[in-house]
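Presented below is the structure to which this report refers.
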Number of protein chains: 2
Amino acid sequence: MRSGSGARKRTVSTASGETPPVAPNEGFAPSRTRHRAQRGQGQVLRDEILAVAAAMLADTGNEEAVSIRAVAERVGVTPPSIYLHFADKEALLEAVCVESFAAFDERIASAAQASAGPLEALRAVGRSYVEFALERPEHYRYMFMRRPDPEVNAPSAAELETIGGLARLIELVRKGQATGAIEPRRDAVEISYALWCATHGVAALLVAKPYFPWGDHHALIEAVIEMCVRGVSSDMP
Amino acid sequence: MRSGSGARKRTVSTASGETPPVAPNEGFAPSRTRHRAQRGQGQVLRDEILAVAAAMLADTGNEEAVSIRAVAERVGVTPPSIYLHFADKEALLEAVCVESFAAFDERIASAAQASAGPLEALRAVGRSYVEFALERPEHYRYMFMRRPDPEVNAPSAAELETIGGLARLIELVRKGQATGAIEPRRDAVEISYALWCATHGVAALLVAKPYFPWGDHHALIEAVIEMCVRGVSSDMP
DNA sequence: TGTACATCAGTGAACGCGCGTTCACTGATGTAC
DNA sequence: TGTACATCAGTGAACGCGCGTTCACTGATGTAC
C-alpha cells in the first residue's frame with residue numbers, strides 16, 4: 001500500500017484545473033478525485049472523513065484498521081488534514097460512535113412505535129436490537145463491547161445516548177406494568193436493564209463467535225426474546 | 001522502560017554462579033533472578049511464560065499490553081526465548097485462553113454440584129459465571145468478547161472447551177425438565193443457549209461498561225438470573 | 001481598478017515509538033569413546 | 001580417566017513495519033484600501 005502516491009497525483013490535477021485521467025483505484029487508494037474545499041466549506045471534509053471512517057469500520061470489521069493514515073488515504077487527503085477537523089484519533093472514533101448511536105436509537109424507536117401492545121413491542125425492540133448488531137457488527141462492537149478507557153470514570157457522550165435509548169425501553173416497561181401485562185411489583189428500571197442485558201448477550205455472542213455451532217441464529221434470537229418476555233410477564237391466572 | 005537491561009545483569013550473575021544483589025524491580029522489570037533451566041527442563045520456562053502472560057492479561061487489563069517483548073522482560077528472558085516454546089504470539093495467547101477455560105469450567109462445575117434442585121443450580125451457575133467474568137475481566141474478554149479471526153471458520157480448541165462447559169448446562173436443563181421444574185416442551189439445547197446468552201449479557205456489559213450507572217451490580221445480576229429462571233420455568237398451576 | 005495582505009485548506013517530510021519476528025551466535029552440560 | 005563432541009537453553013542485534021502526531025510550509029481565494 002504505497003502511501004501518498006494518490007495524494008501526489010491529486011495535487012497535480014488541482015493545479016491543471018481539469019479532471020485528470022482516473023487513477024487505478026486499488027485497495028484503499030483515494031476513491032475519487034478530490035477538489036480542495038471552497039473557502040468556509042472546510043467542514044465538508046469533516047463530514048467526508050466521518051463517513052469514510054464509519055464505512056471503514058463497517059467494511060474492515062476491525063477498529064484497528066481504521067487508522068488515521070488509512071482514513072486519510074481513502075478520503076484522498078494527507079494524514080495531517082485529519083487533524084484540522086478532529087483533535088486526535090480517539091475524537092474521530094468517538095464522533096463515529098455518536099453517529100452510530102443515533103442510527104441505533106432511531107431503529108429502536110421505530111420498532112417500538114410500530115407494535116401493538118407492550119409485550120409485542122418488547123419483542124419487536126429486541127429483534128431490532130439484535131438485527132442492528134448483526135448488520136453492523138463492528139459498530140456494535142465499538143459501541144458496546146469496547147474495552148473501557150481506564151482514564152474515564154464517567155459515561156461518555158455516546159453512552160449518555162444509550163441512556164436516552166434506555167429511557168424508551170423503561171417507558172415501554174412502565175406501560176406494560178400499567179396494563180397488567182408485565183410483573184408490576186419489580187422496579188421498571190431494573191426490569192429494563194435486565195432485558196437489555198439479555199438482548200445484548202445474544203447480540204454480543206453472535207458478533208464475537210459467528211462460527212460457533214449455534215444452529216439457526218433466528219431461532220436462538222427468538223428463544224432469548226421469548227425467555228425474556230416470559231420472565232417479565234405477570235403470572236397468568 | 002529500558003528493555004534488556006535486566007537480562008544483561010542476569011547473564012553476569014549466571015556466570016559468577018552465585019546470587020547477585022537484587023536489581024530494583026520497577027514496572028515490568030524481571031520479577032526475580034532466573035537461572036537457565038536444567039538440561040531437559042526447558043519446559044519449566046514454558047510454564048513460567050504462560051503464567052506471566054496470564055498474570056499480565058489480568059493485571060494490565062489489556063490484551064495489547066501482553067506483547068512478546070513485555071512478557072519476555074517480565075519473565076527475565078529475551079524475546080527470542082519465547083519462540084523456543086510458542087510458535088508465535090497467537091499461540092501463546094491461545095494457550096492462556098485454554099487455561100482460562102479450564103479454570104472457568106471448574107468453577108461452573110462446582111457451583112452446579114453444590115446446589116439442591118435444578119432451578120437453584122441454574123441460579124448458582126449463573127452467579128458463578130458472572131463472578132468469574134468480574135474477577136478476571138480481561139480473561140473473560142479474551143475468551144468471549146474477542147474479535148473473531150476471519151481466517152478461522154471453525155471453533156478453536158478453547159471454544160470446544162466452551163462446548164464442553166455447555167454440556168453441563170444442557171444436562172442441568174434436562175434434569176430440570178425431568179423433574180417438571182423447567183418447561184418441557186422446548187428443546188433443552190435451545191434453552192441452554194438462551195440462558196448462556198442472557199448470562200453472558202450481564203457479564204459482558206459489566207465488563208465493557210463498568211462505569212455505567214448500573215446502580216447495584218449485585219441486584220442487576222440477580223434480576224437477570226430471576227428473569228431467566230422465570231422465563232424457563234414451567235407454568236405453575 | 002489595481003494591489004498588498006490576511007486567511008484558509010490543505011501538503012510534505014519527518015519524528016520517535018513499540019511491535020513481531022529472524023538469524024547467527026554462545027556457553028554450559030551431558031555423553032561417547 | 002580424560003577429552004572431543006553433540007545437544008540444549010538460551011542471547012544479542014537487527015530487520016522492516018505501520019502507527020499517531022508535529023511542524024514548517026504552500027498556494028488559492030477573498031478583502032481592505
Side-chain angles (χ1 to χ4, degrees), chain A residues 1-17 27-28 30 33-49 53 60 62-73 75-93, chain B residues 1-17 27-28 30 33-49 53 60 62-73 75-93:
Chain A
M1 226 182 274
R2 297 161 303 278
S3 153
S5 68
R8 237 166 261 130
K9 271 176 198 154
R10 185 175 28 68
T11 303
V12 171
S13 81
T14 313
S16 79
F28 283 139
T33 306
R34 294 202 82 258
H35 289 281
R36 169 198 219 105
Q38 296 282 61
R39 254 189 157 212
Q41 300 299 304
Q43 98 124 7
V44 167
L45 178 55
R46 191 197 132 94
D47 294 345
E48 206 174 340
I49 290 167
T60 66
N62 188 338
E63 175 198 336
E64 252 108 72
V66 184
S67 66
I68 291 282
R69 298 171 115 99
V71 170
E73 185 171 1
V75 169
V77 294
T78 58
S81 302
I82 307 286
Y83 291 91
L84 298 172
H85 301 285
F86 298 93
D88 53 22
K89 190 191 175 181
E90 203 190 322
L92 171 57
L93 282 172
Chain B
M1 229 182 273
R2 296 163 302 277
S3 154
S5 66
R8 237 166 264 129
K9 270 175 200 155
R10 185 175 26 71
T11 302
V12 171
S13 79
T14 313
S16 79
F28 283 138
T33 306
R34 293 202 81 257
H35 288 280
R36 167 197 221 110
Q38 296 282 63
R39 248 181 165 221
Q41 300 299 303
Q43 98 125 6
V44 167
L45 178 55
R46 191 197 132 95
D47 294 345
E48 206 173 341
I49 290 168
T60 66
N62 189 337
E63 174 198 336
E64 251 109 74
V66 184
S67 65
I68 291 280
R69 297 170 117 98
V71 169
E73 184 169 5
V75 169
V77 295
T78 59
S81 303
I82 307 288
Y83 291 90
L84 298 173
H85 301 285
F86 298 94
D88 52 21
K89 190 190 175 183
E90 203 189 324
L92 170 57
L93 283 173

Distance, nearest 0.5 Å, that separates [atom1] of [X] from [atom2] of [Y]:
X: B/Ile68; Y: B/Tyr83; atom1: CD1; atom2: OH; result: 4.0 Å
X: B/Leu45; Y: B/His85; atom1: CG; atom2: NE2; result: 4.0 Å
X: B/Glu63; Y: B/Lys89; atom1: CD; atom2: NZ; result: 6.5 Å
X: B/Leu84; Y: B/Gln43; atom1: CG; atom2: CD; result: 13.5 Å
X: B/Leu92; Y: B/Arg46; atom1: CG; atom2: CZ; result: 9.0 Å

Discussion item. Are more than 12 heavy atoms, taken from residues, nucleotides or ligands other than B/Glu90, located less than 6.0 Å from that residue's CD atom?
Written reply: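 Atom CD in B/Glu90 is not packed in, count stays at 12 or less.
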Worksheet item: Would you find more than 12 non-hydrogen atoms of other residues, nucleotides or ligands less than 6.0 Å from B/Gln38 atom CD?
Response: no
Worksheet item: According to a strict under-4.0 Å criterion, is A/Thr78 in side-chain N/O contact with OP1 or OP2 of C/dG10?
Response: no
Measure the distance from [atom1] on [X] to [atom2] on [N] and round it to the nearest whole Å.
X: A/Glu64; N: C/dC19; atom1: CD; atom2: C1'; value: 13 Å
X: B/Glu48; N: D/dA9; atom1: CD; atom2: P; value: 15 Å
X: B/Arg69; N: C/dC19; atom1: CZ; atom2: C1'; value: 6 Å
X: A/Gln43; N: C/dC8; atom1: CD; atom2: P; value: 15 Å
X: A/Glu73; N: C/dG12; atom1: CD; atom2: P; value: 13 Å
X: B/Tyr83; N: D/dG10; atom1: OH; atom2: C1'; value: 15 Å
X: A/Arg46; N: C/dC8; atom1: CZ; atom2: P; value: 18 Å
X: A/His35; N: C/dT11; atom1: NE2; atom2: P; value: 14 Å

If you only use heavy atoms from C-beta on, which nucleotide in [options] is closest to the side chain of [X]?
X: B/Lys89; options: D/dG10, C/dA9, C/dT21; answer: C/dT21
X: A/Ile68; options: D/dT11, C/dG20, D/dT21; answer: D/dT21
X: B/Pro80; options: C/dG10, D/dG20, D/dA13; answer: D/dA13
X: A/Leu84; options: C/dT22, C/dG10, D/dT22; answer: C/dG10

Worksheet item: Is B/Ser81 touching bases, backbone alone, or none of the nucleic acid, heavy atoms closer than 4.0 Å?
Response: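 Base, at least one base atom sits under 4.0 Å.
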Item to complete: Would you write the dot-bracket representation of DNA chain D, where each base gets (, ), [, ], | or . depending on whether it forms a Watson-Crick or G-U pair under 3.5 Å and with which partner?
Response: .||||||||||||||||||||||||||||||||
Discussion item. For C/dA28, does the base pair up with any side-chain atom of B/Arg36 as donor and acceptor (N or O, under 3.5 Å, distance only)?
Written reply: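 No, the side chain and the base share no sub-3.5 Å donor-acceptor pair.
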